[in-house]
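One structure is given here, and the rest of the page talks about it.
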Amino acid sequence: MLRRSFIISLILLLTACGFQLRGSQGSVALAFKTLSIVGDASSQVAQNLTNLMRNQVSMIAAPAPAQVIVELGKTEHTKATLTKDAQGRISEYRLYANITMQAYATNKDQLIKPVTLSVTRTLSTGNGYDTGIDLEESRMYADMDSELANLIQYRLRVVKP
């Protein structure tokens with residue numbers, strides 16, 4: 001009986017220690033409170049980044065001063081042939097999405113130097129299934145734009161203006 005009560009109290013003690021996994025408290029606290037996105041603000045990457053950052057910082061329209069200003073270049077989507085089958089038909093494409101970004105403070109101090117972020121995917125085509133290729137391609141580009149926004153967010157987490 002004493003042994004069982006000891007084991008039960010040990011289990012209860014260990015479960016009440018307050019252990020939490022890193023990141024389980026929600027979003028990571030950022031060192032800045034306001035963010036502005038300039039450049040190609042109508043792109044899907046900018047919209048995804050705005051949605052990601054909205055719960056963490058206050059989004060400021062471009063002319064107003066913000067603690068951190070992210071400048072986005074034009075998002076480039078390209079497609080190249082990766083492989084062909086024995087009949088010479090394309091069986092796989094390589095999709096590329098690139099964007100150039102930089103971040104600076106209100107006083108124009110460079111926080112993140114200009115960098116080109118790239119994401120690639122492979123689009124496989126099947127024989128006789130060419131009708132859905134365009135839709136699949138556009139969905140893959142949308143997913144790649146979302147990943148580019150995540151890459152920008154990861155870089156912004158370490159910024160200290």
Side-chain angles (χ1 to χ4, degrees), residues 14-84 90-126 129-130 132-161:
L14 289 176
T15 58
C17 72
F19 175 77
Q20 294 180 350
L21 292 173
R22 184 175 16 156
S24 64
Q25 296 88 5
S27 64
V28 176
L30 298 173
F32 56 93
K33 301 290 183 211
T34 59
L35 176 74
S36 179
I37 299 173
V38 297
D40 192 9
S42 64
S43 73
Q44 191 65 36
V45 175
Q47 292 172 2
N48 289 339
L49 181 62
T50 301
N51 291 337
L52 286 170
M53 300 300 288
R54 183 168 286 135
N55 295 330
Q56 301 174 36
V57 296
S58 297
M59 300 301 294
I60 306 290
Q67 287 179 311
V68 175
I69 300 160
V70 175
E71 186 175 322
L72 299 177
K74 185 173 175 15
T75 306
E76 297 175 356
H77 293 142
T78 56
K79 177 170 70 169
T81 301
L82 187 60
T83 60
K84 293 184 179 184
I90 298 171
S91 58
E92 288 182 326
Y93 291 101
R94 176 70 73 178
L95 304 178
Y96 299 93
N98 302 318
I99 191 166
T100 304
M101 64 88 57
Q102 65 178 334
Y104 47 90
T106 306
N107 58 359
K108 302 294 184 187
D109 285 342
Q110 194 82 39
L111 300 172
I112 299 175
K113 294 184 184 212
V115 63
T116 300
L117 303 174
S118 301
V119 178
T120 61
R121 297 277 191 282
T122 301
L123 175 63
S124 299
T125 63
Y129 298 106
D130 292 336
I133 298 285
D134 293 337
L135 180 60
E136 183 69 18
E137 181 181 344
S138 67
R139 287 183 179 172
M140 288 181 97
Y141 280 133
D143 179 57
M144 292 165 76
D145 287 348
S146 177
E147 187 171 342
L148 286 171
N150 281 324
L151 291 173
I152 295 169
Q153 178 194 22
Y154 296 150
R155 281 162 176 75
L156 289 173
R157 285 184 180 176
V158 298
V159 167
K160 296 186 186 341

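All figures in this text were calculated on a predicted structure; none of them were measured in a lab.
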Residues which pass ring pair (Phe, Tyr, Trp, His ring centres under 6.0 Å) with Y141, listed by chain and number, not counting sequence neighbours: H77

Compare all side-chain heavy atoms of [X] with those of [Y] and state whether any distance is below 4.5 angstrom.
X: I37; Y: M59; value: yes
X: M101; Y: V45; value: no
X: R139; Y: L135; value: yes
X: I152; Y: L52; value: no
X: L49; Y: Q47; value: no
X: R121; Y: D143; value: yes
X: K84; Y: I90; value: yes
X: R54; Y: N51; value: yes

Which distance, rounded to the nearest 0.5 Å, do you find between the [atom1] of [X] and the [atom2] of [Y]?
X: N150; Y: L117; atom1: CG; atom2: CG; result: 11.5 Å
X: L82; Y: E92; atom1: CG; atom2: CD; result: 5.0 Å
X: Q44; Y: M144; atom1: CD; atom2: CE; result: 13.5 Å
X: K160; Y: Q67; atom1: NZ; atom2: CD; result: 12.5 Å
X: S43; Y: E76; atom1: OG; atom2: CD; result: 12.0 Å

Using every non-hydrogen atom in the two residues, find where [X] and [Y] come nearest and quote the distance to one decimal.
X: L111; Y: A105; answer: CD1-N, 3.6 Å
X: I60; Y: S36; answer: O-OG, 3.3 Å
X: F32; Y: V159; answer: CD2-O, 4.0 Å
X: A46; Y: L72; answer: CB-CD1, 3.7 Å
X: Q110; Y: A103; answer: NE2-O, 3.7 Å

Does K74 have more than 12 heavy atoms from other residues, nucleotides or ligands lying within 6.0 Å of its NZ? no

Show which side-chain atoms of residues 93-100 pair as donor or acceptor with protein atoms under 3.5 Å away, not counting sequence neighbours.
from: R94; atom 1: NH1; to: T122; atom 2: OG1; distance (Å): 3.1
from: N98; atom 1: OD1; to: S118; atom 2: OG; distance (Å): 2.7
from: T100; atom 1: OG1; to: T116; atom 2: OG1; distance (Å): 3.4

Evaluation steps, side-chain contact (heavy atoms from CB on, under 4.5 Å), between Q56 and L156: CA-CA 11 Å; Q56 301 174 36; L156 289 173; over 6 Å; no

